[in-house]
Amino acid sequence: MVAPVVVVLAVLVLYPLAQGVWFTLTDINESTIANPVLDRPATYSFVGLRNYLNVLSGDPSFGSFWSTLLRTIIWTGSCVVLTYGVGLGLALLLNRPMRARALYRVLLILPWAVPVFISAFAWKFMFNSQFGVINQVLGALGLGQPVWLGQTDLALVAVVIVNVWVGVPFMMLALLGGLQSIPADLYEAAEVDGATPWQRFRDITLPGLRSVSSTVVLLGIIWTFNMFPVIYLVTGPAANPNTRILVTYAFERFFSGASRDYAVASTYGVLILSVLLVFAAFYRRALRRQEAFA
């Protein structure tokens, strides 16, 4: 009964992963890969760890790995912190008795239900420096009208806003489920003992959400670290160095240029996987230690 699952994983995950790792040890590109249509055999050769050394050296011709990694960490941290904070705030509001609560839930889920490309294109139009509603509002208030999606750090701010908009509904729903699993008796007993709302939030809500929070934060970090569609759709196919993260540079290297460099793109893919695996291992270990001391 397990065999079909193993076969599917081997075909869809393990084999491509093994092939990608092999590509990192070669100099394969568009001109050296086998092409059955042109009846051209493969001519790439084994180069060992040269691709890893070139990438990790920080050479700008190989994507400035360390500066791109730093930008990726800033992008991921900003998105996850804002998404968790806004999602938790909305979950707390929806967990309270109010009129039309079901309607509010449906409206807040809409950004998650709408396809990402529609949200990205809508925000791209709103960020337009000449016709976008955001700059029109800023102009009406007498404020500056910046070029959001130009070659400045504002482009990174813009894609962070879009990604938070897309990710908040999932975070809100997950945290709302966690809030509803906390026994109401704990809040009633704390209120009888004279605990303030902040004390109830700190000593009951946050500990009660620990297991849910740890899971959604880990998932949020993994998803955001590899979030290619939002950046690509909002900033366009032209590479913007101010919004370049590891996964977008791997895409550029694989699909752009006169000679598509499959070896370096695969090297970035393996390094991204390695970074996430190391982070996940340390993250889970830190959580276990925290639970042991709790």
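As the structure is a prediction and not an experimental result, all values here were calculated from the model. When reading the values below, keep in mind they use all heavy atoms of this one structure, side chains included, and skip hydrogens, waters and symmetry mates.
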Checklist entry - Shortest non-hydrogen contact from Ile33 to Arg40? => result O-NH2, 3.1 Å
Checklist entry - So Leu49 and Tyr52, side-chain contact (heavy atoms from CB on, under 4.5 Å) or not? Walk me through it. => result CA-CA 5 Å; Leu49 300 177; Tyr52 291 98; 3.9 Å; yes
Next on the checklist: Please find the pair of heavy atoms, one from Thr24 and one from Asn51, that lie closest to each other, and give the distance.
Outcome noted: O-ND2, 2.7 Å
Next on the checklist: Taking the side chain as everything from C-beta on, heavy atoms only, tell me whether Asn54 gets closer than 4.5 Å to Val264.
Outcome noted: no
Checklist entry - Is there a path of hydrophobic side-chain contacts, each under 4.5 Å between heavy atoms of I, L, V, M, F, W or Y residues, that connects Val116 with Ile118? => result yes
Item to check | Exam field: side chain Asp59 to backbone Ser61, donor-acceptor pair closer than 3.5 Å | outcome: yes
Checklist entry - For the side chain of Thr72 and the backbone of Leu246, is there at least one donor-acceptor N/O pair under 3.5 Å apart? => result yes
Checklist entry - Looking only at heavy atoms, which two atoms of Ser266 and Phe23 are closest? And how far apart? => result OG-CB, 3.6 Å
Checklist outcome for this item: The residue among Val80, Leu156, Leu70 that forms side chain to side chain contact (heavy atoms under 4.5 Å, CB included) with Trp75 is Leu156
Item to check | Non-hydrogen atoms of Val159 and Thr243 that approach each other most closely | outcome: CG2-CG2, 4.2 Å
Checklist entry - Is any side-chain heavy atom of Leu271 less than 4.5 Å from a side-chain heavy atom of Leu56? => result yes
Checklist entry - Do Val81 and Tyr84 sit in the same hydrophobic cluster, where Ile, Leu, Val, Met, Phe, Trp and Tyr count as joined when their side-chain heavy atoms come under 4.5 Å apart? => result no
Next on the checklist: For Ile231 versus Ile245, what's the shortest heavy-atom pair and its separation?
Outcome noted: CD1-CD1, 3.6 Å
Checklist entry - Are side-chain heavy atoms of Lys124 and Leu233 found at a separation under 4.5 Å? => result no
Checklist entry - Phe228, Ile222: one ILVMFWY side-chain cluster at the under-4.5 Å cut-off? => result yes
Side chains of residues 133-144: which donor-acceptor pairs under 3.5 Å do they make with residues two or more places apart or in other chains?
| from | atom 1 | to | atom 2 | distance (Å) |
| --- | --- | --- | --- | --- |
| Asn135 | OD1 | Trp148 | NE1 | 2.9 |
| Asn135 | ND2 | Ser129 | O | 3.1 |
| Asn135 | ND2 | Pro146 | O | 2.9 |
| Gln136 | NE2 | Phe131 | O | 3.3 |

Between side-chain atoms of residues 272-285 and protein atoms elsewhere (two or more places apart, or another chain), which donor-acceptor pairs fall under 3.5 Å?
| from | atom 1 | to | atom 2 | distance (Å) |
| --- | --- | --- | --- | --- |
| Ser274 | OG | Val270 | O | 2.8 |
| Tyr283 | OH | Ser214 | O | 3.0 |

Item to check | Side chains of Val247 and Phe225 in contact at under 4.5 Å (non-hydrogen atoms) | outcome: no
Next on the checklist: Are the side chains of Phe251 and Tyr268 in contact, using a 4.5 Å heavy-atom criterion?
Outcome noted: no
Checklist entry - Ignoring hydrogens and geometry, is there a side-chain-to-backbone donor-acceptor pair from Tyr15 to Ala10 under 3.5 Å? => result no
List, one per line, each side-chain donor-acceptor pair under 3.5 Å for residues 175-190, sequence neighbours excluded.
| from | atom 1 | to | atom 2 | distance (Å) |
| --- | --- | --- | --- | --- |
| Ser181 | OG | Gly178 | O | 2.6 |
| Tyr187 | OH | Thr205 | OG1 | 2.7 |

Next on the checklist: Return the OG1 to CG distance between Thr43 and Asn35, rounded to the nearest 0.5 Å.
Outcome noted: 11.0 Å
Checklist entry - In Å and rounded to the nearest 0.5 Å, what is the CZ to OG1 distance from Arg244 to Thr235? => result 10.5 Å
Checklist entry - When rounded to the nearest 0.5 angstrom, what distance separates OG1 in Thr215 from CZ in Arg210? => result 13.0 Å
Checklist entry - What's the spacing between Trp123 CH2 and Ile161 CD1 if we round to 0.5 Å? => result 6.5 Å
Checklist entry - Is any side-chain heavy atom of Leu25 less than 4.5 Å from a side-chain heavy atom of Val47? => result no
Checklist entry - Rounded to the nearest 0.5 Å, how far apart are OG1 of Thr267 and CZ of Arg253? => result 9.5 Å
Next on the checklist: Does the plane of the ring in Phe254 sit parallel, tilted or perpendicular to the ring in Tyr262? Use 30° and 60° as the thresholds.
Outcome noted: tilted
Next on the checklist: Under the criterion side-chain contact (heavy atoms from CB on, under 4.5 Å), I'd like the reasoning laid out for Met227 against Asn163: C-alpha separation, chi angles, the key distance, then a yes or no.
Outcome noted: CA-CA 9 Å; Met227 180 55 71; Asn163 195 63; 3.3 Å; yes
Checklist entry - What closest approach, in Å, do Thr32 and Asn29 show between heavy atoms, and which atom pair accounts for it? => result OG1-N, 2.9 Å
Next on the checklist: side-chain contact (heavy atoms from CB on, under 4.5 Å), that's the test. Do Ser57 and Phe62 meet it? Break it down for me.
Outcome noted: CA-CA 9 Å; Ser57 67; Phe62 291 94; 5.6 Å; no
Checklist entry - Under a single-linkage definition using a 4.5 Å side-chain heavy-atom cutoff for Ile, Leu, Val, Met, Phe, Trp and Tyr, are Ile74 and Val230 assigned to the same hydrophobic cluster? => result no
Checklist entry - Taking the side chain from Thr83 and the backbone from Gly167, do they hold a donor-acceptor pair closer than 3.5 Å? => result no
Checklist entry - Between the side chain of Thr196 and the main-chain N/O of Gln199, is any donor-acceptor distance below 3.5 Å? => result yes
Next on the checklist: Can you classify the ring geometry of Phe121 versus Phe117 as parallel (below 30°), tilted (30 to 60°) or perpendicular (above 60°)?
Outcome noted: perpendicular
Next on the checklist: Please say yes or no: joined through hydrophobic side-chain contacts below 4.5 Å, possibly via intermediate residues, are Val11 and Leu17 part of one cluster?
Outcome noted: no
Checklist entry - Does the side chain of Ile109 come within less than 4.5 Å of Leu173's, by heavy atoms? => result yes
Checklist entry - Measuring from Glu30:CD to Phe255:CZ, what's the distance to the nearest 0.5 Å? => result 10.5 Å
